[in-house]
Structure formats: structure tokens, C-alpha cells
Amino acid sequence: MKVIMDADSLIKLTKAKAKEIVTKNIEAYIPPKVFEETVEIPKEEGYADAFLIEENLEKGLLAIKKFEEDKEAEAMIGRLKIRGGEADVFRLYKSGDFDAVSSDDGKFLEILDALDIPCMTPSALIVYLFKKDVLSREDAENYIKNLKEMISDEEYYLAIGEVEEK
């Protein structure tokens with residue numbers, strides 16, 4: 001599965017200590033602006049997560065992917081008022097052959113859903129790996145519990161419920 005991640009998703013997976021397992025089992029991409037938001041700026045400010053994300057880029061577990069400019073996509077971005085990394089994620093999705101976008105930004109997820117763009121939250125990526133038998137129930141529950149303080153209660157209980165059901 002080829003997934004584009006925004007900064008919110010990538011940072012949450014990093015903090016939950018789930019980024020490694022996720023990026024080892026899906027093709028994960030970020031556009032240049034998300035690289036800036038998750039590595040360049042945070043490194044200057046001393047955030048440890050930035051160094052971990054950069055390490056995944058160096059190992060080839062995560063890739064920066066550029067996109068071709070598309071007038072239709074730019075017009076949509078303007079009308080929808082999408083900015084920053086989310087705008088680049090949208091541009092990249094529109095320019096390539098991707099299966100989904102991973103985000104935990106509520107407004108951005110609503111836009112993606114309205115446009116029928118497949119999207120997954122960080123916890124949904126963990127559930128996906130569990131259902132593909134990449135993660136044990138115990139590991140999936142632990143990663144979701146690590147996310148608990150960073151996600152909504154609804155998202156947390158839905159994810160835990162999916163793991164407990166199988």
C-alpha cells in the first residue's frame with residue numbers, strides 16, 4: 001500500500017513508537033513541505049522526533065516525493081483553503097498513484113472524505129497492520145495506547161475495538 005503522510009500523522013506515529021513498523025510495512029511518502037514541517041524546522045528547534053524521521057528517510061523507509069504542478073489541483077486547494085503540508089499532500093496525491101492519505105487533522109480528513117480520497121488516521125494504519133497479521137494483538141494494542149493522549153477518544157475506542165474484535 002502506498003500512503004502519503006502529513007506532518008500530524010508522521011509525528012504522532014513517531015511519538016507512539018509505531019513509525020518504524022508502519023514504514024517497514026507500507027510504502028510511505030511525504031511531500032517537501034511535510035519534510036520541512038517534520039525535519040528541517042524541528043531539527044533547528046531541537047525536537048528529537050525530527051532526527052528519528054530523518055533517520056527513516058536515510059534508511060529508505062520513508063521517501064520525499066515531489067509532484068508536478070497541476071492547475072486543477074491548485075484551483076481546488078485555493079477554493080478549499082488548504083495550506084502548508086496538507087496542501088502539498090493533496091498536490092502529491094493528485095499527481096501520483098497512491099492508495100491513501102494518512103492524516104489526523106480533522107478539517108483535512110473531512111475535505112478528503114468529501115472528495116472520496118481514501119484516508120487513514122495513524123491508529124487506522126496500526127489496525128491495518130494488525131489485520132494484515134503484521135502486528136500481534138498485544139503490539140497493536142500497545143501502539144494504540146501510545147497514541148491515546150494524542151487522538152480523540154472516539155478514534156481511540158474505535159481502534160481498540162477493531163483490534164479486540166478479530
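In this text, all values refer to a predicted model and were calculated from it rather than measured experimentally.
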Between L115 and M76, is the side chain to side chain contact (heavy atoms under 4.5 Å, CB included) condition met? List the steps. CA-CA 10 Å; L115 296 172; M76 290 178 77; 3.7 Å; yes
| said: Is there a side chain to side chain contact (heavy atoms under 4.5 Å, CB included) between L10 and I53? Walk through the geometry before answering. | reply: CA-CA 8 Å; L10 190 55; I53 293 167; 3.7 Å; yes
| said: side chain to side chain contact (heavy atoms under 4.5 Å, CB included) for V34 and L92? Distances and angles first, verdict last. | reply: CA-CA 11 Å; V34 171; L92 183 55; over 6 Å; no
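Without hydrogens or angle criteria, S102 side chain to M120 main chain gives a donor-acceptor distance under 3.5 Å. Using a distance-only test at 3.5 Å, with no hydrogens or angles considered, no donor-acceptor pair links the side chain of K12 to the main chain of P122. A distance-only check finds no donor-acceptor pair linking the side chain of D113 to the backbone of L109 [under 3.5 Å]. Formation of a donor-acceptor pair under 3.5 Å by the D99 side chain with backbone atoms of K2 is found in this model.
The heavy-atom pair separating I82 from A87 by the smallest distance is CG2-N, 3.3 Å. For the pair N146 and K17, the tightest heavy-atom approach, listed with the atom from each and the gap, is ND2-CB, 4.5 Å. Of all heavy-atom pairs spanning F130 and A140, the tightest one is CB-CB, 3.9 Å. Heavy atoms only, all atoms of each residue included: Y29 and F98 are closest at CD1-CE2, 3.6 Å. Heavy atoms only, all atoms of each residue included: E37 and G85 are closest at OE2-N, 2.9 Å. Across every non-hydrogen atom of A16 and Y143, the tightest pair is O-CD2, 3.7 Å.
With values rounded to the nearest 0.5 angstrom, L57 atom CG is found 5.0 Å from I30 atom CD1. Distance CZ/F67 to CD1/I4: 10.0 Å, rounded to 0.5 Å. In this structure, the separation between NZ on K94 and CG on D70 is 8.0 Å, given to the nearest 0.5 Å. Between the CD1 atom in I77 and the CD atom in E72 there is a gap of 11.0 Å [rounded to 0.5 Å]. Note that the NZ atom of K148 and the CD1 atom of I144 stand 12.0 Å from one another [nearest 0.5 Å]. Put simply, CD1 on I117 and CD1 on I111 are 9.5 Å apart, with the number rounded to the nearest 0.5 Å.
Checked for salt-bridge contact, R137 and E164 miss the test: no charged N lies under 4.0 Å from a carboxylate O. A salt bridge links K131 to E162: one of the charged nitrogens lies within less than 4.0 Å of a carboxylate oxygen. Ionic pairing of E36 and K33 is present here: one or more N-O contacts between side-chain nitrogen and carboxylate oxygen are shorter than 4.0 angstrom.
Within a 6.0 Å radius of OH in Y156, more than 12 heavy atoms belonging to other residues, nucleotides or ligands are found. Counting heavy atoms of neighbouring residues, nucleotides and ligands inside a 6.0 Å radius, atom CD of E45 exceeds 12 of them. The environment of E58 atom CD is dense: over 12 non-hydrogen atoms of other residues, nucleotides or ligands sit within 6.0 angstrom.
The hydrophobic clustering, which links ILVMFWY residues whose side-chain heavy atoms are closer than 4.5 Å, places F51 and I64 apart. Cluster annotation: L61 and L135 are assigned to distinct hydrophobic clusters (Ile/Leu/Val/Met/Phe/Trp/Tyr, side-chain heavy-atom contacts under 4.5 Å, transitive). A chain of hydrophobic side-chain contacts below 4.5 Å, direct or via other Ile, Leu, Val, Met, Phe, Trp or Tyr residues, connects M1 to V134.
The only member of E74, E68, E86 that meets salt bridge (charged side-chain N to carboxylate O under 4.0 Å, His left out) when paired with R91 is E74. Each of K19, K43, K15 was compared with D49 under the side-chain hydrogen bond (donor to acceptor under 3.5 Å, both in side chains) criterion, and only K15 meets it.
Residues K59 and T23 form no side-chain contact, since every pair of their non-hydrogen atoms from C-beta on lies 4.5 Å or further apart. Using a 4.5 Å cut-off on side-chain heavy atoms (C-beta onward), T38 and M5 make no contact. Looking at P31 and Y93, their side chains never come closer than 4.5 Å, going by heavy atoms from C-beta outward. Within the 4.5 Å cutoff, the side chain of V101 has heavy atoms near those of the F108 side chain. Looking at D104 and E155, their side chains come closer than 4.5 Å, going by heavy atoms from C-beta outward. In this structure, L147 and I126 have side chains that are in contact, with non-hydrogen atoms separated by less than 4.5 Å.
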